[in-house]
Every structure is written in structure tokens, then in C-alpha cells.
Amino acid sequence: MATAVQKITLSSSRDIPFNKLVLSQANVRRVKAGISIEELAEDIARRTLLQSLSVRAVADAEGQETGMFEVPAGGRRFRALELLVKQKRMAKTQPVPCVVREGGLGEEDSLAENVQRVALHPLDQFRAFQTLREKGLSEEEIAARFFVNPTVVKQRLKLAAVSDKLLDVYAEDGMTLEQLMAFTVTNDHARQEQVWESLAHAFNKEPYYIRRQLTEGAVRAADKRARFVGVDTYEAAGGVVLRDLFQHDDGGWLQDPALLDRLVIEKLQAEAETLRAEGWKWIAVAPDFPYGHTAGLRRLSGEAVDLTDEERASHDALKAEYDRLEEEYAQADELPDEVDQRLGEIETALATFEARAVVYDPTEIARAGVFVSIDADGDLRIERGYVRPEDEAPAEPVEGSDGDAPAADHPNGAIQRTVITVGSGDSSEPEPEGDEDDGPRPFSERLITELTAHRTLALRDALANDPNTAFVAVLYTLCLGAFYRMSSATCLEISAKSTTFNAQAPGLADCASANAIEARHQQWAKQLPKAEDDLWDALVAFDSDSQAALFAHCASLSVNAVDDPWSRGPRRLAHADTLARAVNLDMAAAGWSPTVDNYLGRVPKARILEAVREAKGEQSAQLIDHLKKADMAKEAERLLGGTGWLPEPLRTPDVQAAEADGDGEAGATTLPAFLAEGDDDGAGDPTASDPEEPQPHAVAAE
């Protein structure tokens, strides 16, 4: 005999006046979560109550119903209705739809209602938002009605850019919401599906990796070319920008690099056209020039345009205000925001005065040129006034030379014509005396050579006993080479070569070190006289600290630590290591980090894995060891970012233990006494030293 199926009887429902309802202590919700009571009240006021309250009759001590009902499930809705009553937006006798429960426990009702409720799937939310959008509601209106940020609505609506095939995969829990959102960076459904299929058997399916695959070949909006042209201009020309609403994307990715490059060149050429009217002989245009592109070229000095009286008064007022604020807050641990902002504004204004226009000699302009490019920040870079060697003016013969060899500077300052005499070649033969009636004859070349040989030895000896002057003499010679092209105005046979970089590493011209060197060089150039004849007096007038700083700058320009196959020198490279230890060189701190372009894409997979293993450990290396070379390099760039890892050629070798007779660390350097003290009391003279102290030449020998 078949067992009869028991029929289910649902709880009855009825409308109960709100003033007959009370909140039950059986409600299990204690922690506030989700939208606020105020927001829920606004939602009820807009569209009324969408879900009934679950209530139970309140009985007295004898078990008789009192006419009151408690609410164990629906407490937040009850509080929202209560708020509306307090705001007099709803009558306290307003009937409220209720489901009247009998039997069981109130706590069970509350728990079941919350546990068995399933949150709306994001895909359903997206489709609902999309339907509302199609029916005329704006994104802001949808956000206001559901008490969410408009960005959330935009993000959900952005899912419309994803292929229906991938939406179905997500609906069946085949991918996470974060993975789905990563596909929104492009509207190309075919490309989306292609990338997803390629990841089907891949280990790495992280959202960032999906974005990278979808934007491969695109140019980031943070690229200096994009910043120079402007994303709006690029889009106006028909360019497409991929954007990510779900993560900070620095403005997105420009999908048409060819169009971007064309716009860059067009804008640079337009800027160059405005310079043509200045009369330059040539103008070179390129987004980038290789590092050292001005090597071997003479740069025109020019004259800065004088400030007007009004501009000078404004400059002085700003400088006075800056000095006053700095002095006032010199002891403060932290500057107030408004003071810090004001100091920044003053610095910008003063920099504008310093960067005022420079006027050049029209004759020099006619043989010089300009480089027009983009700097690292995406701003226009104009480098005016460079003269190529072949454009230099030909040397003019000295008046009265009759076309003979150019006259030479005589030691006493007078210009002497060279007189060629015919002799036997015997060095002991006396010079012919000549006829006194004809007046004194010019010195012979031989006699001048012999006399000045004696003078040279005496000058060497005197200079050796005057370290301060010797230092300035070397500094003078270095400055001639660094700041005055093709100058020979020095008697010191010292030259500082500055190597050019035949192999231009990626980003070399825009790296932090290159920018710092160029800024320092230009700063010194402003402080040195325009005419090399005035250089010596200017250097002597500098204080010892300024002389030492300028000396260090000039010396630094001669450093060559490049290890190339045609000029390897083990002793030279060993000295470069010693120098690196002395200055505590850290290439990571100097701004270098491994990227696909500068290292990872140019070494074998074994090297890539070795780098990740050293920096992040074996587990991180195993995460990428199955990838193809290109993908492995990209992942390694992300993993190595910020770790400070360096390949062997960029590492500074460990400092060796100091010799037993040395007190300092190996590689330590100290300033000479005449630089450290800055006096003339003989501190740098070996003959003035304590006989018990080691002599300078002995230290050098060690």
C-alpha cells in the first residue's frame, strides 16, 4: 500500500498595522552589513516594501494572544519602516504585509531566512543594470537607486564588452569575476576568446597576465610619446584606447603605435618649423636621440635676455619670501601643507626666471643647429646652438704673416713671426752675432726652445711645491676640455677623454644618471665664463668646496667602465671596480631595474630563471619555468620589480679585506689636505710634514 504524500501548508499572510509590531530578540543578525537602514528606508519610500516581514504572535503569561506581533526575521526592514514613521513619512497605523509563523523557534526563522538567501550573481546584476540602461536610466540614476557608487555601475556595464562565450564560461564558474573583468580592456571578442583558449592549459591565468596578453603591442598612455601628443589628439585622429575600469591603468593603452609615431613626428616637425625663422643652419628632429649625441660639437654660449625692472622686482620679492619661509620653518619637523605648497609655487616661478630666453650671435646661428626631441616627461626638448666641426669658421691668417704658417703665442705674450735660419746643425756652434747697427735680431728657434726648456723644468718644480695651484691648473685643463670645445689654451699635457657609447642601451639617454649628469653640467656651464681667457681667474675665485665639486664633475666625464669586445682592458675594468667600491655604487639605487628590453628579453631562459630564483626564491622560479621565452621574460620583469636584483656586470664586487698595514677600508678615499683644509700653511708639502708621519710619496707607493 503506497504511503500518502503529506501536503505542505504555508503560513498565512495578513496586513498588520505597524504600531502592532515589535522587534524580536530572536533575530540572529547582530553585525551591521550591507546598505544602511537610512538607505533601505529610502528604497522602501521609492518602491514600497518588496518583501513581507516574518512575524509571530505575542502571548501573555496565560498563553493568550495580546494582539501584538514580534518580528524575528526582517529586523532591518522593520527598523527602516520605524525610521519612516519617525520622519512622519509613513503613518504608524500603516498596514504592513506580514507572514504569520506558528510553531518552531523564532531564532530558526531568522537564521533560515539569512542563510538560505543567495546573493545576486554579478552577471545577473550586470544584465539587470544593462536592462535599466536600455530603458533610459543613466548610470548615475541606477547608482542612486541602488545605493552603489557610479563606478560600480560602470564596471558592471563594462562587462558588455566581453564575448558572450566568455560570459557563459563565467556563469558556469569556469572563471573568476577578476578574470572576466580583465577581458574588458578590449572590445575585440575574437581576441578575447583566442587569449582564453591559449590559457586553457597554461599555469598562469592571473588577471594581470590576461590584461598583458590583450594589450601586447599597444603603447601605454604613460609613454612619453603618448603624453607628448596627448591621448585626446590620438583619439581624434582615429586611434583606439583600451581602458581598464577595474584597475588603475595610467590612462590605458594606445592600440595603434604606427598612428602614434606619425603624430609624434608631425608635432615635432611643426615645432621645428617655428624654429626655422631663428636662422639655424640645421634642425634635427627625432623622438629620441642617442646618449652623447652632442659629443664633439661646440655649443654656443649665448646671452640670457636681461630681466626688466618689473621682472627683477618680482624675482627679488619671491626670493625674499622663499628665504623668509625657509628661515621661519627651519626647525620644524614637517612643513604645514600650505607652506609646502607655497614654497613649491615660488620654486616654479623662480625657475621660470632662470629659464628665460637666450640670444645668440646671428653669425654663429648661421653655422649652428638645433636638436628637437621629447624628454622623459613627455615635454618638448629643444637643444639650441650646436656647431659641427665641419661648420666651424676657417682660421683666419694673422695680419702681416704674408700667408706663412700661423703665428704662435710667444711666452711673453707678444706675437712673434717664425724666422728660419740655415745652420750647420752643430749644437755647440755659437749663434751669429749680426751687425749691431741693424738693431737686435729675433731669437732663433733653437735658442727659444733651449731657454723655454729650462723654464719648463723650473715651472714643474715650482708647481710641485704648490699643491693648490697645481690642483687649479689640472682643473683648468679639465674644464677646457669639458666646456670649451677644441681648446688648446693650456700648457699641461693632460687630456681627459670622454668615451662615446657605440652600443646605445635602451633608455640610456633618459635614465636618471644621464639626466643628473646633464643637469649638473649645465649648472656648471652657467657659472663658468663664456670666454676661455677668463676661465683661470674664475676658477681661482671659487672656494675650495666649489673647486673640488667641479673637479669631481670633470673627472667623472672621463670614466670608461664599458666592457666591449674591441677594447677590453682587465686593469682598466679592475680599476672601475675599485672606483665603484670607493663611491659605494648601487645600480639599483641609481634607477636600473631588469626589464624585457634591457635584460630579460636578451638572455636565455636559464638566466631568467636564475635571476628570479636569486631574487624571489625557488618557488617563484617554478611559477614561470614552464612558460615560453617571451612570456617568461614578461613575468620575470614583474617578479623582479622592486627587488633590487642586478645581473653580474652591474654588481659592485665585494670590498676586499684591508692590508695589515692599512687602517681604513679598502677603496676608502680622503681629500688631500690642501682641499680638506683650504689653507696655505704647507699641509700639502712633504717637507712640512712630521718626520714620523708617512710621506705622500710613500703612501702612493703602497
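All values reported here derive from a predicted model rather than from experimental measurement. The first residue of the sequence shown is numbered 1, and numbering continues consecutively from there.
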### Task
Start with the C-alpha gap between R312 and D316, add the side-chain angles, then the distance that decides, and say whether salt bridge (Lys or Arg N to Asp or Glu O under 4.0 Å) holds.
CA-CA 6 Å; R312 192 173 302 281; D316 294 343; over 6 Å; no
### Query
Where do K224 and D375 land on the side chain to side chain contact (heavy atoms under 4.5 Å, CB included) test, with the steps shown first?
CA-CA 7 Å; K224 69 177 186 179; D375 67 14; over 6 Å; no
### Query
Taking T652 for the side chain and L585 for the main chain, is one N or O donor matched with an acceptor at less than 3.5 Å?
yes
### Chi angles and distances behind the side chain to side chain contact (heavy atoms under 4.5 Å, CB included) call for L268, I374
CA-CA 8 Å; L268 286 173; I374 309 172; 4.2 Å; yes
### Query
Is there side-chain contact between F289 and R381, with heavy atoms separated by less than 4.5 Å?
no
### Summary
Taking every heavy atom of A561 against every heavy atom of A576, the minimum-distance pair comes out as CB-CB, 3.7 Å
### Task
Report the distance from atom CD1 of I346 to atom CG of L325, rounding to the nearest 0.5 Å.
5.5 Å
#### Entry: Test item: N598 side-chain N/O and S593 main-chain N/O as donor-acceptor pair under 3.5 Å
yes
### Message
Can you tell whether the side chains of R262 and E266 come within less than 4.0 Å, N to carboxylate O?
### Response
yes
#### Entry: Short N-O contact, E327 and R324, less than 4.0 angstrom
no
### Pairwise distance CZ(R225) to CD1(I265) - rounded to 0.5 angstrom
10.5 Å
### Query
If you count the non-hydrogen atoms of other residues, nucleotides and ligands that lie under 6.0 Å from NZ in K530, is the total more than 12?
yes
#### Entry: Contact check, side chains of L557 and H521, non-hydrogen atoms, under 4.5 Å
yes
### Query
Can you name the closest pair of heavy atoms from A512 and A590 and give their distance?
CB-O, 3.8 Å
### Query
Which heavy atom of L318 sits nearest a heavy atom of A349, and at what distance?
CD1-CB, 3.6 Å
### Message
Using a 6.0 Å cut-off, check whether atom CD of Q331 has over 12 heavy atoms from anything other than its own residue.
### Response
no
### Message
Looking at D377 and D379, would you say the former's side chain and the latter's main chain have a donor-acceptor pair under 3.5 Å?
### Response
no
### Query
Hey, does the side chain of T348 reach the backbone of G344 with a donor-acceptor pair shorter than 3.5 angstrom?
yes
### Task
State, with a plain yes or no, whether a side-chain heavy atom of C479 is found less than 4.5 Å away from one of W536.
no
### Query
If every non-hydrogen atom of M587 is compared with every non-hydrogen atom of L650, which pair is closest and at what distance?
CG-O, 3.4 Å
### Query
Can you tell me if T294 uses its side chain to pair, donor with acceptor, with the backbone of L297 under 3.5 Å?
no
### Query
Roughly how far, to the nearest 0.5 Å, is the CD1 atom of I382 from the CD atom of E278?
7.5 Å
### Message
Between L539 and L528, is there a side-chain heavy-atom distance shorter than 4.5 Å?
### Response
yes
### Task
Kindly indicate, with the supporting measurements, whether the criterion side chain to side chain contact (heavy atoms under 4.5 Å, CB included) is fulfilled by S373 and F228.
CA-CA 10 Å; S373 60; F228 175 67; over 6 Å; no
### Message
Regarding E273 and Q269, do their side chains bring together a donor and an acceptor under 3.5 Å, going by distance alone?
### Response
no
### Side chains of P336 and Y329 in contact at under 4.5 Å (non-hydrogen atoms)
yes
### Task
Take E614 and T643, measure what side chain to side chain contact (heavy atoms under 4.5 Å, CB included) needs, and give me the verdict at the end.
CA-CA 10 Å; E614 288 181 2; T643 63; over 6 Å; no
### Query
For the residue pair W645 and Y599, does the interplanar ring angle fall in the parallel (under 30°), tilted (30 to 60°) or perpendicular (over 60°) class?
tilted
### Task
Locate the shortest heavy-atom distance separating L639 from K616; write the atom from each residue and the value.
O-CD, 3.5 Å
### Query
Going by heavy atoms in the side chains, are D361 and L300 under 4.5 Å from each other?
no
### Message
Would you say that L640 contacts L600 through its side chain, given a criterion of any heavy-atom pair below 4.5 Å between the two side chains?
### Response
yes
### Task
In plain terms, say whether R342 and E345 are close enough for a salt bridge, that is, a side-chain N and a carboxylate O under 4.0 Å apart.
yes
### Heavy-atom pair of closest approach, residues T233 and L263
O-CD1, 4.4 Å
#### Entry: N/O donor-acceptor pair under 3.5 Å between R367 side chain and V387 backbone
no
### Task
Return yes when atom CD of Q522 has more than 12 non-hydrogen atoms of other residues, nucleotides or ligands closer than 6.0 Å, and no otherwise.
yes
### Message
Over 60° means perpendicular and under 30° means parallel, so tell me whether Y360 and W280 are parallel, tilted or perpendicular.
### Response
perpendicular
### Task
Look at atom CD of E334 and say whether more than 12 heavy atoms of other residues, nucleotides or ligands are closer to it than 6.0 Å.
no
### Query
Do I517 and R520 have side chains that get closer than 4.5 Å, going by heavy atoms?
yes
